[in-house]
Amino acid sequence: MELTLKRITKNTPYTIGHLYIDGKLFSDTLEDQDRGLLQSMSLTEISQIKKFAETAIPKGRYQIVWTYSDHFKKQMPLLLNVPGYAGVRIHSGNSAKDTEGCILVGKNDKIGWISNSRDYIDRLYPIIEGSCKTSKVFITIE
């Protein structure tokens, strides 16, 4: 399964995007501010630009696995090998205050905000979990 996150609005302190599953629009997304990081950058370059808990992860392609989160105390999607980041998940939330580099899903119906995030997570998690059991799952962030 292929997920694609297309960042469409880059503001301070948040970034709004669209999440696609196998080419079909699924939801809006909210992340921290996009500071132009790329997966191909060195860790030194990333650390010079990144502001902890205020910077979206680098654009690139990442494998997603289904694992237990000690922080959230439940099984969730985890993005692997994100340079300069650890524990990047897809989860519910409403604003940039609810993420430290993670991807939030929902409906962007207010500036700097997504709504109905838990409803979207309730639909997204079974899709990702099922796909992780049978094949590899990837997300490309553009």
Inset, instruction - Rounded to the nearest 0.5 Å, what's the gap from CG on Leu25 to OG1 on Thr4? Could you check? - result: 11.0 Å

Legend entry - Minimum heavy-atom distance between Pro13 and Ala96, given as atom pair plus value: O-CB, 3.5 Å

Inset, instruction - Identify the two heavy atoms, one from Met76 and one from Arg89, that lie closest to each other, and give their separation to 0.1 Å. - result: O-NH1, 3.1 Å

Legend entry - Test side-chain contact (heavy atoms from CB on, under 4.5 Å) applied to Tyr120 and Asp28, step by step: CA-CA 9 Å; Tyr120 281 90; Asp28 297 321; over 6 Å; no

Inset, instruction - Measure up the His91 and Phe72 rings against each other and bin them: parallel (under 30°), tilted (30 to 60°), perpendicular (over 60°). - result: tilted

Inset, instruction - Using a 4.5 Å cut-off on heavy atoms from C-beta on, say whether the side chain of His18 contacts that of Phe26. - result: no

Legend entry - Tyr14 (side chain) donor-acceptor with Ile111 (main chain) under 3.5 angstrom: no

Inset, instruction - Look at atom CZ of Arg123 and say whether more than 12 heavy atoms of other residues, nucleotides or ligands are closer to it than 6.0 Å. - result: yes

Inset, instruction - Provide the closest heavy-atom pair for Ser117 versus Ser92 in the form atom of the first, atom of the second, distance. - result: OG-CA, 3.0 Å

Legend entry - Hydrophobic cluster membership, Ile64 vs Ile57, 4.5 Å side-chain cutoff: yes

Inset, instruction - Please report the closest heavy-atom contact between Glu31 and Leu5, naming both atoms and the distance. - result: OE2-CD2, 3.6 Å

Legend entry - Spacing of Cys102 atom SG and His71 atom NE2 [to the nearest 0.5 Å]: 8.0 Å

Inset, instruction - May I have the step-by-step check of side-chain contact (heavy atoms from CB on, under 4.5 Å) for Gln63 and Asn81, ending in yes or no? - result: CA-CA 8 Å; Gln63 185 176 354; Asn81 303 314; over 6 Å; no

Inset, instruction - Go through the steps to decide whether Asn108 and Thr9 satisfy the test side-chain contact (heavy atoms from CB on, under 4.5 Å), and finish with yes or no. - result: CA-CA 11 Å; Asn108 178 224; Thr9 303; over 6 Å; no

Legend entry - Pairing residues for Ser47 by the side chain to side chain contact (heavy atoms under 4.5 Å, CB included) criterion, not counting sequence neighbours: none

Legend entry - Cluster check Val137, Val82: I/L/V/M/F/W/Y, side chain < 4.5 angstrom: yes

Inset, instruction - Look only at the side chain of Thr15 and the backbone of Asp34, and say whether a donor-acceptor pair between them is shorter than 3.5 Å. - result: yes

Legend entry - Polar side-chain atom of Gln39 near backbone of Arg61 as donor-acceptor pair, under 3.5 Å: yes

Inset, instruction - Give the cluster check for Ile128 versus Ile21: same hydrophobic cluster or not, with ILVMFWY residues linked at side-chain heavy-atom distances below 4.5 Å. - result: yes

Legend entry - Minimal non-hydrogen separation, Asn94 against Leu30, with atom names: O-CD1, 3.7 Å

Legend entry - Donor-acceptor contact below 3.5 Å, side chain Asp22 vs main chain Glu2: yes

Inset, instruction - Indicate, with yes or no, if Leu38 and Leu80 share a hydrophobic cluster defined by side-chain heavy-atom contacts under 4.5 Å among Ile, Leu, Val, Met, Phe, Trp and Tyr. - result: no

Inset, instruction - Report whether Leu19 and Met1 are members of the same hydrophobic cluster (ILVMFWY, side-chain heavy atoms less than 4.5 Å apart, transitive linking). - result: yes

Inset, instruction - With sequence neighbours left out, write down each residue that passes ring-ring contact (aromatic ring centres under 6.0 Å, His included) with Tyr62, or none if nothing qualifies. - result: none

Legend entry - Any side-chain heavy-atom pair of Pro58 and Ile46 under 4.5 Å: yes

Legend entry - Distance, nearest 0.5 Å, that separates CZ of Arg35 from NZ of Lys51: 4.5 Å

Inset, instruction - Run the ring-centre check on Trp66 versus Tyr125 and record whether the distance is less than 6.0 Å. - result: yes

Inset, instruction - Heavy atoms only: give me the nearest Ser27-Gly106 pair and the separation to one decimal. - result: CB-O, 3.6 Å

Inset, instruction - Decide side-chain contact (heavy atoms from CB on, under 4.5 Å) for Ile90 and Thr29; before the verdict, give the C-alpha distance in whole Å, the side-chain angles of both, and the deciding distance to 0.1 Å. - result: CA-CA 10 Å; Ile90 301 172; Thr29 62; over 6 Å; no

Inset, instruction - First locate atom OG1 of Thr44, then atom CD1 of Ile49, and finally report the distance between them rounded to the nearest 0.5 Å. - result: 11.0 Å

